[in-house]
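All residue numbers refer to positions in the sequence shown, counting from 1. Everything quoted here is computed from the prediction, not taken from an experiment.
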Amino acid sequence: MDRGFRNLDLNLLKTLVVLYQERNTRLAAERLFTTQPSVSRALNKLRDHFQQELFIRNQYGLTPTLEGDKICREVNQALQALEQSVVLQTFSPERAEGKLSISLNHFMAERYASTLYRNISRLAPNLQLEIESWNQASLSKLVQGELDFGVNFYGIDAPKELVSNSLGREAFSLYMRKGHPYLDNVRLEALSDYPLASVLISNWNQKESRVEKILRKAKVPVTVALRSENVHAIIRSLVDSNLIFPAISGLLDESNQPNIVSIPIQEILDVPAVEFDRSLFFHQKNRSSEFHLWVMTQLEAVFATE
């Protein structure tokens with residue numbers, strides 16, 4: 001059989017890379033939006049073309065052979081280079097079209113999304129910006145290419161296919177209603193007298209918030225009375241209760257929230273390390289993409305100036 005490049009369907013190579021990543025024909029079929037038998041047929045064609053076994057079946061799925069591993073790695077690099085070559089030749093912000101998908105955690109969506117939209121829409125008016133809240137599926141979507149970027153706090157165990165870049169730090173403050181009794185006795189130990197509220201952020205603080213951990217280490221027992229993914233629901237609950245809400249500084253425009261006040265944790269309470277690094281996640285195949293590099297500069301600018 002002629003093993004020449006001209007006789008090989010490029011779609012088979014895409015299937016080969018996904019099979020190599022998933023090691024399972026069912027999972028590969030789901031990612032490729034096709035059926036498992038179609039993937040199996042493609043694997044047979046690839047085996048015939050390369051005239052050797054590329055994978056060995058096991059009880060969990062597929063294991064690449066020694067030569068299959070080498071071929072898959074080379075094909076993956078070649079397809080990534082081809083994809084980047086196309087992007088490099090066609091990208092410019094003012095002509096950019098399509099969709100830019102970004103996942104932000106609840107804090108960051110609340111604080112930065114509107115500024116990000118203004119900047120992107122001004123420079124790339126034909127680009128549709130889609131911002132979703134970070135959730136349990138975000139890492140998987142980044143791997144599968146359904147998201148371009150994700151931003152969350154540092155410390156998330158990301159899959160090997162993803163790159164994680166630093167995106168600065170976030171300071172934290174305490175938010176509460178105007179006239180809150182804590183304002184008359186601003187001490188670290190006094191936090192034990194009031195219930196806390198906490199935002200649930202997938203992959204980061206689902207069991208215990210980082211501020212809770214800091215206070216526990218400082219031997220300040222606290223009770224979290226309200227946990228929610230909805231920042232607005234927590235803010236509304238502050239107005240007529242004694243809840244205290246640890247959240248990123250600058251979260252609210254207090255001129256539009258006259259009944260809410262904030263106290264910077266680190267300055268007032270002298271608690272160390274109440275700043276958290278942000279991480280920017282994206283697929284490693286997009287390291288050299290002009291489009292993704294441009295978006296990164298926009299994200300860095302927004303997070304640096306807000």
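Every ring-ring contact (aromatic ring centres under 6.0 Å, His included) that F149 has, sequence neighbours left out, goes to F282, H292. Applying the side-chain contact (heavy atoms from CB on, under 4.5 Å) rule to P125 yields no partners; only residues at least two apart in sequence or on another chain are considered.
Side-chain atoms of Y154 and R169 include no donor-acceptor pair closer than 3.5 Å. In this structure, a donor-acceptor pair under 3.5 Å is absent between the side chains of Q36 and S40. Side-chain polar atoms of E110 and H232 form a donor-acceptor pair below 3.5 angstrom.
For the atom pair CD1 (I201) and CG (N152), the distance works out to 6.0 Å, reported to the nearest 0.5 Å. How far CD of E189 is from CG of L215: 10.5 Å, rounded to the nearest 0.5 Å. Taking OG from S121 and CG from L127, the interatomic distance works out to 10.0 Å, rounded to the nearest 0.5 Å. One finds the CG atom of L100 at 5.0 Å from the CG atom of D148 (value rounded to the nearest 0.5 Å). Remark: L46 CG to H49 NE2 distance equals 8.0 Å, nearest 0.5 Å. Between atom CD1 of residue I244 and atom OG of residue S173 there is a gap of 12.5 Å, rounded to the nearest 0.5 Å.
In this structure, N286 and L293 have side chains that are not in contact, with every pair of non-hydrogen atoms separated by 4.5 Å or more. Side-chain contact check for F55 versus T63: every heavy-atom pair is 4.5 Å or farther apart. Looking only at side-chain heavy atoms (C-beta outward), Q298 and I120 come within less than 4.5 Å of each other. At least one side-chain heavy atom of R287 sits under 4.5 Å from a side-chain heavy atom of V163. Looking at R57 and L62, their side chains come closer than 4.5 Å, going by heavy atoms from C-beta outward. A 4.5 Å side-chain heavy-atom check between L139 and P159 finds at least one atom pair inside the cut-off. Side-chain contact between V18 and V39 is absent, with no heavy atoms from C-beta onward closer than 4.5 Å. Contact check for I131 versus L116: side-chain heavy atoms found under the 4.5 Å cut-off.
Judged by distance alone, the side chain of Y182 and the main-chain N or O of R187 form a donor-acceptor pair under 3.5 Å. In this structure a side-chain-to-backbone donor-acceptor pair under 3.5 Å is missing from K99 to L129. Panel note: side chain N135, backbone S133; a donor-acceptor pair is recorded below 3.5 Å. Side-chain atoms of S192 come within 3.5 Å of backbone atoms of P221 as a donor-acceptor pair (strictly under, hydrogens ignored). Here the side chain of S140 pairs no donor or acceptor atom with the backbone of A137 at under 3.5 angstrom. Of the possible donor and acceptor atoms, none in the side chain of S228 sits under 3.5 Å from a partner among the backbone N and O of I234.
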Evaluate the criterion side-chain contact (heavy atoms from CB on, under 4.5 Å) for residue pair C72 and L16; output intermediate values, then yes/no. CA-CA 7 Å; C72 289; L16 178 61; 3.6 Å; yes
Salt bridge (charged side-chain N to carboxylate O under 4.0 Å, His left out) evaluation trace for K70 with E74: CA-CA 6 Å; K70 178 175 179 292; E74 291 176 350; 3.0 Å; yes
Check the pair L174, L191 against side-chain contact (heavy atoms from CB on, under 4.5 Å), reporting the backbone distance first and the verdict last. CA-CA 10 Å; L174 299 176; L191 284 173; 4.0 Å; yes
side-chain contact (heavy atoms from CB on, under 4.5 Å) for K14 and N11? Distances and angles first, verdict last. CA-CA 5 Å; K14 294 179 183 177; N11 288 319; 4.0 Å; yes
Let's go through N119 and V302 carefully: what are the C-alpha distance in whole Å and the side-chain angles of both, what is the deciding distance for side-chain contact (heavy atoms from CB on, under 4.5 Å) to 0.1 Å, and is it a yes or a no? CA-CA 8 Å; N119 289 11; V302 168; 3.5 Å; yes
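In the hydrophobic cluster analysis, where Ile, Leu, Val, Met, Phe, Trp and Tyr join through side-chain heavy atoms closer than 4.5 angstrom, L27 is grouped apart from L19. V220 and L196 fall within the same hydrophobic cluster, where Ile, Leu, Val, Met, Phe, Trp and Tyr residues are linked whenever their side-chain heavy atoms come under 4.5 Å apart, directly or through other members. Residues V224 and L251 share a hydrophobic cluster, clusters being chains of Ile/Leu/Val/Met/Phe/Trp/Tyr side chains in contact below 4.5 Å.
Contact between R177 and I260 at its shortest, heavy atoms only, is CA-CD1, 4.3 Å. Between N76 and V17, the shortest heavy-atom distance links the atoms OD1-CG1, 3.4 Å. When all heavy atoms are compared, the tightest approach of S138 to L147 is O-CD1, 3.7 Å. Across every non-hydrogen atom of G61 and N24, the tightest pair is CA-ND2, 4.3 Å. Considering all non-hydrogen atoms of both residues, Y194 and N242 come closest at CB-O, 3.8 Å. When every heavy atom of P195 is checked against every heavy atom of A225, the shortest pair comes out as CB-CB, 3.6 Å.
Residues F153 and W134 place their aromatic rings such that the two centres sit no closer than 6.0 Å.
By the 4.0 Å N-to-carboxylate-O rule, E132 lies close enough to K141 to be salt-bridged with it. At a threshold of 4.0 Å, the pair R47-E67 does not count as salt-bridged, since none of the basic side-chain nitrogens sits closer than that to a carboxylate oxygen.
Using a 30° and 60° split on the angle between ring planes, Y112 and F303 fall in the tilted class, from 30° to 60°.
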